[in-house]
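What follows is one structure encoded as structure tokens, with my remarks underneath.
A note on names: the letters A, B, ... follow the listed sequences, proteins ahead of strands, and every chain is numbered from 1.
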Amino acid sequence: GAGVSQSPSNKVTEKGKDVELRCDPISGHTALYWYRQSLGQGLEFLIYFQGNSAPDKSGLPSDRFSAERTGGSVSTLTIQRTQQEDSAVYLCASSLARTSGSTDTQYFGPGTRLTVL
Amino acid sequence: AQKVTQAQTEISVVEKEDVTLDCVYETRDTTYYLFWYKQPPSGELVFLIRRNSFDEQNEISGRYSWNFQKSTSSFNFTITASQVVDSAVYFCALRDQAGTALIFGKGTTLSVSS
């Protein structure tokens, strides 16, 4: 079956511009996560969606970052007024649920490499 | 606070050597979950294994084996008879019962030469 897909695979933007990154989770997965991978900080959690519940935004680094998930499926991560320190690979993951048992195993997409000039 | 430490930043071995990747974790929870992921040069994180804190049985899958020891808070990963295709960055991760996110270690870069 299809895995997690993300688009675009690469994005180059100028400082100050807004960008939108898209994630399509595995069909049937109710939980969706965004992470950021950068050389200096490693893999960092950004935001989590579970069904229709309010998202866990505890990992968002600033109010320039936001995300939404429409219809419990596709998610968009938006970064406003991009800065050079936003350059990183943004990874999306999904899982069947966030409970005990193997349903919480997160499966990752290929990522979007964002470069802010 | 939760933390995952992978003390080995880089490891280089020659094909057919065995190699062990170390992972030490910290958590106050009695129920938690441990994971290993592989990130090959293509960049995608590939799930390898999930282990519950209450299941200390070691696991073997082909050339891969995992040693979980709660007494030392370690979840080490061994590749037997390594191959060039094993070259990748390997991440150990932790999630506690209440948490949502995975807490990742910094990763260990494994290079296997022929």
B:E44 side chain reached by A:Y107 side chain, heavy atoms, under 4.5 Å:
no

Contact class of A:L46 relative to chain B, heavy atoms under 4.5 angstrom
neither

Residues, nucleotides or ligands: over 12 heavy atoms within 6.0 Å of A:N52 CG:
no

Using atom types as modelled, flag every donor-acceptor pair under 3.5 Å from a side chain in residues 106-114 of chain B to any protein atom, sequence neighbours excluded.
from, atom 1, to, atom 2, distance (Å)
B:T108, OG1, B:Q8, O, 2.6
B:S113, OG, B:V13, O, 3.4

Taking the six-membered ring where the residue is Trp, are the ring centres of B:Y37 and A:F108 under 6.0 Å apart?
yes

So which part of B:L102 gets closer than 4.5 Å to some heavy atom of chain A, the side chain, the backbone, both or neither?
both

Answer with side chain, backbone, both or neither: which region of A:Q41 has an atom nearer than 4.5 Å to a non-hydrogen atom of chain B?
backbone

Where do B:I103 and A:L43 land on the side chain to side chain contact (heavy atoms under 4.5 Å, CB included) test, with the steps shown first?
CA-CA 8 Å; B:I103 306 300; A:L43 275 153; over 6 Å; no

A quick test of your reading: do over 12 heavy atoms of other residues, nucleotides or ligands sit less than 6.0 Å from NZ of B:K16?
no

In Å, rounded to the nearest 0.5 Å, how long is the span from CD of A:Q37 to CD of B:Q39?
4.0 Å

Would a hydrophobic clustering, with Ile, Leu, Val, Met, Phe, Trp and Tyr connected at side-chain separations under 4.5 Å, put A:F65 with A:L32?
yes

Can you give the donor-acceptor pairs under 3.5 Å from side chains of residues 80-89 of chain A to other protein atoms, not counting sequence neighbours?
from, atom 1, to, atom 2, distance (Å)
A:T82, OG1, A:E14, O, 3.3
A:T82, OG1, A:K17, O, 2.9
A:Q83, NE2, A:R81, O, 3.0
A:D86, OD1, A:R64, NH2, 3.0
A:D86, OD2, A:R64, NH1, 2.8
A:D86, OD2, A:R64, NH2, 3.2
A:D86, OD2, A:Q83, N, 2.8
A:S87, OG, A:Q84, O, 3.1
A:S87, OG, A:V116, N, 2.9

If we only count heavy atoms from C-beta on, is the A:D104 to B:R50 side-chain gap below 4.5 Å?
yes

Heavy-atom count around A:R113 CZ within 6.0 Å, excluding the residue itself: above 12?
no

Hey, what do you get for OG1 (A:T105) to CZ (B:F35), rounding to the nearest 0.5 Å?
5.0 Å

Give a yes or no on whether the ring-centroid distance for A:F45 and B:F104 is below 6.0 angstrom.
no

Are more than 12 heavy atoms from other residues, nucleotides or ligands located less than 6.0 Å from atom CG of A:L117?
yes

